[in-house]
Amino acid sequence: MTEINEFHMPRYQELPDVGLYLEQTTKYINGYLEPLGCMEITTSMISNYVKKGYVVSPVRKMYYREQIAQLFFIAVAKNVLSMEIIGKMFALQKRTYPIQVAFDYFCREFEDKLCAVFGGAETADSAESVGAGPKKMLHSGITAMAHIIYLSHQFETMDEL
C-alpha cells in the first residue's frame with residue numbers, strides 16, 4: 001500500500017522523446033504501472049490501438065511522447081471505460097486542451113485520487129470544484145479508475161489471508 005501512496009505518473013515532459021520501439025514502450029509503461037497491480041499493456045494491444053486509430057502510428061517503428069501519453073491513459077482507463085469512450089475522450093481532448101496540459105492534469109488527478117481512495121488526503125487542486133464539461137468527465141473517470149485499483153488490491157489482500 002505504501003507504493004500506491006507514493007505512486008508517481010511521469011509528466012509529459014518526463015516521457016521519453018527520443019523514440020522507443022514497441023517492446024521498449026511496453027516495458028516503459030508497464031514499469032511505471034506495476035505498483036498498481038491491475039494494469040498492463042502488451043505489444044499486441046498497442047499494435048491494435050494503432051490499427052484502430054486510437055494512437056497515432058509510430059514514426060519509423062518508434063513511439064514518442066504523444067503516443068506514450070496516449071498509451072498511459074489507455075492502460076489506466078481501459079479498466080473502467082470502453083475503447084469507444086476512450087476514443088471519444090481523445091477527440092474531446094484534442095478540441096479542448098493541448099496533450100501536454102491534458103496529460104499532466106490526468107496524472108495529477110489520478111495520483112490525488114489514488115491517495116484519497118487509499119486513505120490519504122486529496123490536494124487542494126483536486127478538492128476544489130472541477131466545474132463542468134470535459135474536466136468533470138475526466139475527473140469522474142479518474143475517480144472510477146482509482147476505486148477499481150483499490151478494490152483489486154483489497155481482493156488480493158483477502159486472497160492472501
Side-chain angles (χ1 to χ4, degrees), residues 1-94 96-118 120 123 125-126 134 137-139 141-153 155-156:
M1 183 124 78
T2 303
E3 285 182 340
I4 300 276
N5 290 333
E6 297 171 4
F7 179 74
H8 171 75
M9 284 281 285
R11 299 309 190 258
Y12 192 80
Q13 288 302 320
E14 296 173 51
L15 298 175
D17 203 32
V18 293
L20 299 177
Y21 289 107
L22 181 59
E23 191 71 35
Q24 293 171 314
T25 301
T26 304
K27 286 180 182 176
Y28 178 79
I29 293 169
N30 288 337
Y32 267 97
L33 298 179
E34 192 272 327
L36 303 180
C38 60
M39 295 170 193
E40 188 172 275
I41 198 162
T42 64
T43 55
S44 60
M45 291 165 75
I46 292 173
S47 296
N48 192 36
Y49 301 147
V50 169
K51 280 182 201 165
K52 295 200 179 228
Y54 296 116
V55 176
V56 177
S57 295
V59 178
R60 290 189 282 272
K61 297 185 180 186
M62 300 190 93
Y63 293 82
Y64 293 86
R65 261 188 201 132
E66 181 176 344
Q67 295 136 315
I68 294 169
Q70 291 172 319
L71 290 166
F72 261 112
F73 182 79
I74 290 172
V76 173
K78 70 181 175 64
N79 289 288
V80 294
L81 300 173
S82 69
M83 285 308 298
E84 180 182 348
I85 296 295
I86 291 170
K88 288 179 181 182
M89 289 185 82
F90 282 155
L92 181 61
Q93 172 266 308
K94 287 176 185 170
T96 54
Y97 295 101
I99 189 157
Q100 180 176 351
V101 172
F103 184 73
D104 288 351
Y105 178 79
F106 162 69
C107 292
R108 280 191 313 277
E109 282 287 312
F110 187 53
E111 290 168 358
D112 288 347
K113 222 24 99 178
L114 281 172
C115 191
V117 168
F118 277 86
T123 66
D125 286 345
S126 67
M137 291 166 58
L138 179 61
H139 184 79
I142 290 168
T143 300
M145 293 171 217
H147 283 283
I148 293 291
I149 293 166
Y150 175 77
L151 286 172
S152 295
H153 275 269
F155 283 117
E156 273 182 35

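All residue numbers in this chain count up from 1 along the given sequence.
Minimum heavy-atom separation, I29 to A75: CG2-CB, 4.3 Å. Nearest heavy-atom pair across Y12 and D104 is N-OD1, 2.7 Å. Closest of all the heavy-atom pairs between P35 and G31 is CD-O, 4.0 Å.
The backbone N or O of D17 lies less than 3.5 Å from no partner atom in the side chain of R65, so there is not a single donor-acceptor pair. Side-chain N or O atoms of E111 include none that pairs as donor or acceptor with a backbone N or O of R108 at under 3.5 Å. Counting only distance, with no hydrogens or angles, the side chain of N79 and the backbone of V76 share a donor-acceptor pair below 3.5 Å. A donor-acceptor pair under 3.5 Å links the side-chain atoms of Q24 to the main chain of Y21, judged by distance alone. A donor-acceptor pair under 3.5 Å links the side-chain atoms of N30 to the main chain of I41, judged by distance alone. Using modelled atom types, no side-chain atom of R60 and backbone atom of P58 make a donor-acceptor pair closer than 3.5 Å.
Annotation for Q13: atom CD counts as buried by contact number, over 12 foreign heavy atoms lying within 6.0 Å.
L33 places a side-chain heavy atom less than 4.5 Å from the side chain of M9. The shortest distance between side-chain heavy atoms of L114 and V117 does not fall below 4.5 Å. M89 is not listed as a side-chain neighbour of Q93, based on a closest heavy-atom distance of 4.5 Å or more. No side-chain heavy atom of Y97 sits under 4.5 Å from any side-chain heavy atom of Y105. Proximity of M62 to Q67: side-chain heavy atoms (C-beta onward) are nowhere separated by under 4.5 Å. Side-chain atoms of V56 and Y63, non-hydrogen and from C-beta on, never get closer than 4.5 Å to each other. Residues L22 and S47 form a side-chain contact, since some pair of their non-hydrogen atoms from C-beta on lies under 4.5 Å apart. Counting heavy atoms from C-beta outward, F72 and C107 have side chains that stay 4.5 Å or more apart.
For the atom pair NE2 (H139) and CG (D112), the distance works out to 9.5 Å, reported to the nearest 0.5 Å. To the nearest 0.5 Å, the span separating CD1 on I85 from CG on L92 amounts to 11.0 Å. Rounded to the nearest 0.5 Å, atoms NE2 (H8) and CZ (F110) are 13.0 Å apart. Taken to the nearest 0.5 Å, the CD atom of E40 stands 7.5 Å off from the OG1 atom of T42. Here NZ of K78 is found 11.0 Å from CG of L71. Values are rounded to the nearest 0.5 Å. Separation of atoms SG (C115) and CD (E6) is listed at 10.0 Å; rounding is to 0.5 Å.
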Exercise for the section: Before giving the answer on ring pair (Phe, Tyr, Trp, His ring centres under 6.0 Å), spell out for F73 and F103 the whole-Å C-alpha distance, their side-chain angles and the decisive distance to 0.1 Å. Expected result: CA-CA 8 Å; F73 182 79; F103 184 73; 8.5 Å; no
Exercise for the section: Step by step, work out the side-chain contact (heavy atoms from CB on, under 4.5 Å) result for V55 and I46. Expected result: CA-CA 8 Å; V55 176; I46 292 173; 5.9 Å; no
Exercise for the section: Would you please test T25 and Y64 for side-chain contact (heavy atoms from CB on, under 4.5 Å) and show each step? Expected result: CA-CA 9 Å; T25 301; Y64 293 86; over 6 Å; no
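By the 4.0 Å N-to-carboxylate-O rule, K113 lies too far from E109 to be salt-bridged with it.
Taking the six-membered ring wherever Trp is involved, the centroid distance between the rings of Y54 and F90 does not fall below 6.0 Å.
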